[in-house]
Amino acid sequence: MDVVKGREVLRRILREINGRGYGNYKALKGQYSLGRFVLTVDHVQPDPFAPGSSMRVSVGLRDSGIPPHCYSSRIRRIALCDFLARRFHRGAVCHSRQRGTGRSGQIAIPRPGQEVLQRSSVVIKGEYIEVRFTMGLPARGRSIDAYQAEEMFLKDLPEIVEGSLFYENLSAHHLSAHIAVTEDAEHLRGVLDSHGLVAFVADGAVLPRASGVEDTPLKGDRVVPFQSPPSMRVRLTLPNRGEITGMGIPRGVTLIIGGGYHGKSTLLRAIERGIYNHIPGDGREFVVTRKDAVKIRAEDGRRIEKVDISPFITNIPFGEDTSSFSTDNASGSTSQAANIMEALEIGTGLLLIDEDTSATNFMIRDQRMQRLLPKRFEPITPFIDRVRALYRDLGVSTILVLGGSGEYFDVADRVVCMIQYRPEDMTREAKDISRACGGDRPLVETSFGGFRMRVPLRESLDPSRGKKTVKVAGKGLNRIVFGRYEIDLSCVEQIVDPCQCNAIAHAMVLSISFMDGRTPLRGVIERTMQRIEQEGLDILSLTPTGGFAEFRGLELASAINRLRSFRVKQTDG
Ligand code: ADP
Ligand code: MG
């Protein structure tokens with residue numbers, strides 16, 4: 001494996017195995033020097049219908065001609081690799097075609113979306129850029145078609161590599177914009193807190209998306225670019241772009257109101273995604289949110305394992321203890337309460353809630369209902385009676401989209417009204433109304449209180465299936481196969497890339513090693529994330545793979561919490 005062979009050796013091997021059984025492709029395993037890059041064949045697929053063979057190419061950073069300032073900091077390296085992944089992907093798509101049975105002829109790396117993410121498909125390792133990709137080795141029926149293979153290895157692959165990894169063939173302008181925008185967005189997120197902000201939405205940002213299933217920006221003359229209300233406009237300075245203005249959302253409780261179809265959910269969704277950096281041209285490049293923001297929603301049917309939901313729900317029928325609440329089939333309100341408590345358990349400074357995906361009885365209980373149903377028959381303390389304590393006692397801010405209940409005026413620090421996609425600051429008007437109706441809502445001034453932490457029991461996570469000790473994978477954007485279980489992540493809305501989902505599946509396995517029967521879930525997550533931070537995403541697999549992308553500990557916890565076999569013991573928090 002260590003001997004680097006030349007182009008002629010590769011050609012000779014291919015010619016020798018031509019026409020023979022597919023298994024003979026295994027002879028290709030090894031390293032080849034192909035001019036300006038080195039190819040490593042790590043794993044050969046067993047048949048033409050199996051997932052493509054795993055390979056890597058590496059190019060010396062110096063040889064690539066990419067100027068050192070493009071990789072002189074962590075965030076620049078992330079942006080550079082993300083850019084190269086996009087170019088390599090484009091080249092691979094152009095050169096892929098059906099060249100026989102099954103996957104014959106395909107060259108692939110995962111398609112990057114609108115976010116600039118750290119990905120395992122393109123990494124800088126020491127003095128080299130390394131790209132991990134797969135290739136469907138060509139076959140006629142089940143016999144090796146070496147002539148097609150020769151063309152793929154010796155013509156197509158070099159063209160892709162030349163076109164995507166060498167500076168002379170890249171657009172210097174696009175590369176430097178990619179890096180500058182990413183660096184600016186990262187900087188912006190970093191200074192939010194020191195300006196007392198939890199989120200920032202730049203003037204001129206384009207928030208709406210092309211469609212419900214397409215994450216690219218909406219185009220055309222009906223797009224209304226974002227404009228901050230003057231009273232909320234802040235001016236900040238970015239390292240590359242210089243001065244920028246936009247709406248600063250301060251800590252505390254912010255309400256987004258307005259009529260139906262006026263852009264409330266679109267604004268909140270952009271804020272949710274503001275935990276990520278976006279590619280130039282996305283429209284949300286400078287919409288940034290504090291890193292630990294969590295979208296909270298109702299998710300009936302999910303499993304809940306011994307979560308302390310007592311701050312929101314007490315006295316449920318049959319006297320069940322809600323400080324240690326478990327169910328295989330949560331209701332709208334209990335799932336929303338659990339989603340909040342689980343986010344607090346891992347650590348968050350900002351909750352994002354949309355009426356469209358909330359349980360009404362969790363959000364509000366109005367005067368008349370309070371009068372008809374005294375507290376002792378209503379197990380729920382609605383969010384409206386907790387949202388201030390969350391901020392006052394735990395420092396957790398909330399941004400809430402709510403068109404239907406003015407009672408929230410009483411508890412909001414700021415009220416933004418969307419009118420035809422334009423935000424207006426209506427705080428004063430809302431407060432006037434709130435005062436005029438004065439004292440209507442008996443304010444619950446109890447403190448949020450502590451809540452119980454949970455210690456995961458490692459036996460409850462079993463990644464094995466059949467003869468395999470570890471059988472886990474992400475399936476698309478919101479499903480994980482973990483041993484004999486399937487985890488549904490379709491309500492974990494801040495997972496944006498299938499490679500994140502796949503990485504989370506493997507990180508779950510890593511996290512088991514930190515479950516010692518004493519460490520709370522939060523500690524387990526922290527240690528797992530620290531390990532990945534130190535060693536890189538490669539720690540998640542035995543052989544190098546291009547199938548991972550960075551993710552947060554919050555989403556890792558979300559996946560563990562939704563594993564139906566997951567069990568914990570509680571401790572006092
Ligand atoms: P709401 O939550 O207030 O009911 P949505 O955010 O769902 O409204 O937006 C309604 C529609 O308007 C969506 O189709 C969305 O894509 C579109 N939209 C949102 N913001 C804008 C904008 N700034 N410019 C143009 N269209 C927009
Ligand atoms: Mg909406």
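For ligands, and for the atoms within them, numbers begin at 1 and follow the listed sequence.
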For this session: Evaluate the ring planes of Phe312 and Phe383, with Trp represented by its six-membered ring, and classify them as parallel (under 30°), tilted (30 to 60°) or perpendicular (over 60°).
Result: parallel

Exercise. Partners of His178 by side-chain hydrogen bond (donor to acceptor under 3.5 Å, both in side chains), sequence neighbours excluded?
Worked result: Asp82

For this session: Identify, by atom number and element, the atoms of ligand 1 in contact range of Arg222, meaning under 4.0 Å from any of its heavy atoms.
Result: 24 (N), 25 (C)

Exercise. Which pairs count as salt bridge (charged side-chain N to carboxylate O under 4.0 Å, His left out) when at least one residue sits in residues 255-272, sequence neighbours excluded?
Worked result: Glu272-Lys295

Exercise. Would you say Ile271 and Ile399 make side-chain contact, with heavy atoms under 4.5 Å?
Worked result: yes

Seminar exercise, completed: Which of Thr334, Asn339, Thr327, Asp488 passes side chain to side chain donor-acceptor pair (under 3.5 Å) with Arg302? Answer is Asn339

Exercise. With a 4.0 Å cut-off on heavy atoms, is Val223 touching ligand 1?
Worked result: yes

For this session: Considering the heavy atoms of His262, write down every atom of ligand 1 situated less than 4.0 Å from one of them.
Result: 1 (P), 3 (O), 8 (O)

Exercise. For ligand 1, is any non-hydrogen atom under 4.0 Å from Arg269's backbone (N, CA, C, O), its side chain (CB onward), both, or neither?
Worked result: neither

Problem set entry | Short N-O contact, Arg273 and Asp215, less than 4.0 angstrom | yes

Exercise. Which heavy atom of the protein is the closest neighbour of atom 16 (O) of ligand 1, given with residue, atom name and distance?
Worked result: Pro208 CB, 3.7 Å

For this session: Please test Asp410 against Ser434 for side chain to side chain donor-acceptor pair (under 3.5 Å), starting from the C-alpha separation and ending with a verdict.
Result: CA-CA 6 Å; Asp410 299 0; Ser434 164; 2.7 Å; yes

For this session: Could you pull out all residues at least two apart from Ala293 that satisfy side-chain contact (heavy atoms from CB on, under 4.5 Å)?
Result: Ile275, Thr289, Leu350, Leu352

For this session: Provide the protein N, O or S atoms situated under 2.8 Å from the Mg ion (ligand 2); waters are not included.
Result: Ser265 OG, Asp356 OD2

For this session: May I ask which of Asp354, Leu218, Thr266 has a heavy atom nearer to atom 6 (O) of ligand 1 than the others do?
Result: Thr266

For this session: Tell me, please: is Pro225 in heavy-atom contact with ligand 1, that is, under 4.0 Å?
Result: no

Problem set entry | Heavy-atom proximity to atom 14 (O) of ligand 1, best of Phe226, Tyr261, Tyr421 | Tyr261

For this session: Calculate, to the nearest 0.5 Å, the distance between atoms CG and CD belonging to Asp282 and Gln114 respectively.
Result: 4.5 Å

Exercise. Is the shortest distance from a heavy atom of Met418 to ligand 1 less than 4.0 Å?
Worked result: no

Exercise. Does Arg303 count as lying over the ring of Phe566, i.e. NZ or CZ under 6.0 Å from the six-ring centre, within 45 degrees of the axis?
Worked result: no

Exercise. Under a heavy-atom criterion of less than 4.0 Å, does Gly260 contact ligand 1?
Worked result: yes

For this session: For Gly259, take its heavy atoms, then give the atoms of ligand 1 lying under 4.0 Å from any of them.
Result: 3 (O)

For this session: Before signing off on this row, confirm whether Gly263 and ligand 1 have an N or O atom pair separated by under 3.5 Å.
Result: yes

Seminar exercise, completed: the protein heavy atom lying closest to atom 7 (O) of ligand 1 turns out to be Ser265 CB, 4.0 Å

For this session: Output yes when the distance from some N or O of ligand 1 to some N or O of Val224 is under 3.5 Å, and no in every other case.
Result: yes

